[in-house]
Amino acid sequence: MEKILITGGAGYIGSILATHLINKGYEITIFDNFLYNQTSLLDICYKNNLHIVNGDVRDNHKINPEIKKSDIIIPLAALVGAPICKKDPKGSEDINKNSIFNLLENISKNQTIIMPTTNSAYGGGQGGVECDENSPLNPISKYALDKVEIEKKIMDRENTISLRLATVFGMSPRMRFDLLVNDFVRRAYLDRFIVLFESHFKRNYIHVKDVANCFEHCLENFSQMKTNIYNVGLSDANLSKKELCERIKKYKPDFVVLESEIEKDIDQRNYVVSNSKIESTGFKPMYNIDFGIKEILKGCEILSKKQYSNI
Ligand SMILES: NC(=O)c1ccc[n+]([C@@H]2O[C@H](COP(=O)([O-])OP(=O)(O)OC[C@H]3O[C@@H](n4cnc5c(N)ncnc54)[C@H](O)[C@@H]3O)[C@@H](O)[C@H]2O)c1
């Protein structure tokens, strides 16, 4: 079986992906510094095909031998999202960008990279026309700018796939409630109200388990798919924030949606995305938005907000 290195494999996407690929029998090494003290992989430590290295991708002496040993590299390690990159620009420069440049310097032609990038770089979109992989990019935040620069660099090599992921949703052992769908559902559950800004701005979404399925699809169909960029999202879920809230109301009828222009999205994300290129390779997502909303509501029942309060 091929050896796969997943950097950031203990993260929101990584822990779902690692478990998925481990159960398919792949030989997986996770390289992660467990930045959030997450315990997301404890339940698969018993698997003989799982190897864990607690390390920092900025530590070339530690990461380079792992790169050399692997057939396939899935680089997920990053400071993820515009706010954390704004807070720590040096960290994001080194982790999100320079570590990928180090990877490119230390990888041979025959090794494979399957890299998640982001469709947030479509920015303001094309006035309602679907963005495909050839549409102009308009990144604004450091996070999105770096992702675009990295994608350009990695696509110069042949054995590479870039997956421009839509906003991911769903439960994961390393949970992220800073992602739009997860955040809105949690607000519906905990606060029963939300104040929306730029409520008509549209985004595209994909379930975290479908992201794992998509990586597996790329591994299984690599020779036909390589050297390409693919949008990965739900074709029936190009939804505005307001439309998403309406969907959540189906399951939380007491959810009150208010509007006020209290803020602006850093990347001004407002786009409709075409996912037909990845679909034409045979990939079909399995989990829709409604599935995710119901799942996250269940997750909210488990995750109590009482940790730092008396009642
Ligand atoms: N979640 C989304 O909606 C989304 C969308 C598009 C692209 N992506 C990309 O997918 C990847 C994973 O994102 P995620 O949502 O799982 O985020 P995450 O924050 O949960 O995962 C990042 C992982 O990287 C690890 N990490 C951080 N700094 C590190 C370092 N210096 N050395 C080693 N490990 C380090 C963290 O511990 C964490 O496990 C990122 O590259 C992100 O840009 C995510």
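On a predicted model such as this, the values are computed, not experimentally measured, just so you know. Read the numbers this way: they start at 1 and go in the same order the structure lists the ligands and their atoms.
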Visitor: Students should be able to answer this: which protein heavy-atom is nearest to atom 42 (C) of ligand 1, and at what distance?
Guide: Y143 OH, 3.4 Å
Visitor: Can you tell me how the ring of Y122 sits relative to the ring of Y271, calling it parallel under 30°, perpendicular over 60° and tilted otherwise?
Guide: perpendicular
Visitor: Taking distance alone, with no angle check, do L165 and ligand 1 share an N/O pair under 3.5 Å?
Guide: no
Visitor: Which ligand 1 atoms, with their elements, are less than 4.0 angstrom from a heavy-atom of L179?
Guide: 1 (N), 2 (C), 3 (O)
Visitor: Who gets closest to atom 5 (C) of ligand 1 by heavy atom: A166, G233, S99, S92?
Guide: A166
Visitor: Below 3.5 angstrom, do we get any N/O pair linking P75 and ligand 1?
Guide: no
Visitor: Under 4.0 Å from any heavy atom of G55, which atoms of ligand 1 are there?
Guide: 32 (N), 33 (C)
Visitor: Can you check which of V168, D94, N96, L76 brings a heavy atom nearest to atom 4 (C) of ligand 1?
Guide: V168
Visitor: With a cut-off of 4.0 Å, which atoms of ligand 1 are near a heavy atom of I95?
Guide: 28 (N), 31 (N)
Visitor: At the 4.0 Å heavy-atom cut-off, does T117 count as touching ligand 1?
Guide: yes
Visitor: As an exercise, identify every atom of ligand 1 less than 4.0 angstrom from a heavy atom of G8.
Guide: 23 (C), 24 (O), 25 (C), 39 (O)
Visitor: Regarding atom 27 (C) of ligand 1: of the candidates G91, A78, G11, S40, which has the closest heavy atom?
Guide: A78
Visitor: Is the shortest distance from a heavy atom of F169 to ligand 1 less than 4.0 Å?
Guide: no
Visitor: Does at least one non-hydrogen atom of K147 fall below 4.0 angstrom from an atom of ligand 1?
Guide: yes
Visitor: Report the distance from atom CG of N138 to atom CZ of R269, rounding to the nearest 0.5 Å.
Guide: 12.5 Å
Visitor: One pair to check against side-chain hydrogen bond (donor to acceptor under 3.5 Å, both in side chains): D94 and N98. What are the steps and the verdict?
Guide: CA-CA 5 Å; D94 290 340; N98 294 339; 2.8 Å; yes
Visitor: For D183, is there an ion pair with R187 - N to carboxylate O distance below 4.0 angstrom?
Guide: yes
Visitor: Could you tell me the separation between the CD1 atom of I107 and the CG atom of N64, rounded to the nearest 0.5 Å?
Guide: 11.0 Å
Visitor: What residues form a side chain to side chain contact (heavy atoms under 4.5 Å, CB included) with V208, not counting sequence neighbours?
Guide: Y12, I13, I16, V168
Visitor: Indicate, as side chain, backbone, both or neither, the part of V80 found under 4.0 angstrom from ligand 1 when only non-hydrogen atoms are considered.
Guide: side chain
Visitor: From D71 CG over to N110 CG, what is the distance, rounded to the nearest 0.5 angstrom?
Guide: 10.0 Å
Visitor: Locate the shortest heavy-atom distance separating P139 from V148; write the atom from each residue and the value.
Guide: CG-CG2, 3.7 Å
Visitor: For the pair H207 and F169, name the ring-plane relationship: parallel under 30°, tilted 30 to 60°, perpendicular over 60°.
Guide: perpendicular
Visitor: Does a donor on one side chain sit under 3.5 Å from an acceptor on the other, for N275 and N231?
Guide: no
Visitor: Where on D56 is there a heavy atom closer than 4.0 Å to ligand 1, on the side chain, on the backbone, on both, or on neither?
Guide: both
Visitor: Can you tell which of T167, L35, D32 gets a heavy atom nearest to atom 38 (C) of ligand 1?
Guide: D32
Visitor: If the cut-off is 4.0 Å to any non-hydrogen atom of A10, which atoms of ligand 1 fall inside it?
Guide: 39 (O)
Visitor: Within a distance under 4.0 Å of any heavy atom of Y36, pick out the atoms of ligand 1 and give their elements.
Guide: 19 (O)
Visitor: Heavy-atom contacts with R176 under 4.0 Å: which atoms of ligand 1 show up? List them by number with element.
Guide: 1 (N), 14 (P), 15 (O), 17 (O), 20 (O)
Visitor: Can Q38 be said to touch ligand 1, with heavy atoms closer than 4.0 Å?
Guide: yes
Visitor: How many angstroms lie between atom NZ of K69 and atom CD of Q111, to the nearest 0.5 angstrom?
Guide: 12.5 Å
Visitor: When you measure from atom 20 (O) of ligand 1 to every protein heavy atom, which one gives the shortest distance, and what is it?
Guide: Y12 N, 2.7 Å
Visitor: Compute both the distance and the angle, then confirm whether K241 meets the cation-pi test with F184: under 6.0 Å from the six-membered ring centre, within 45 degrees of the axis.
Guide: no
Visitor: Is any NZ, NE, NH1 or NH2 atom of the basic residue among R247 and D290 found under 4.0 Å from an Asp or Glu carboxylate oxygen of the other?
Guide: yes
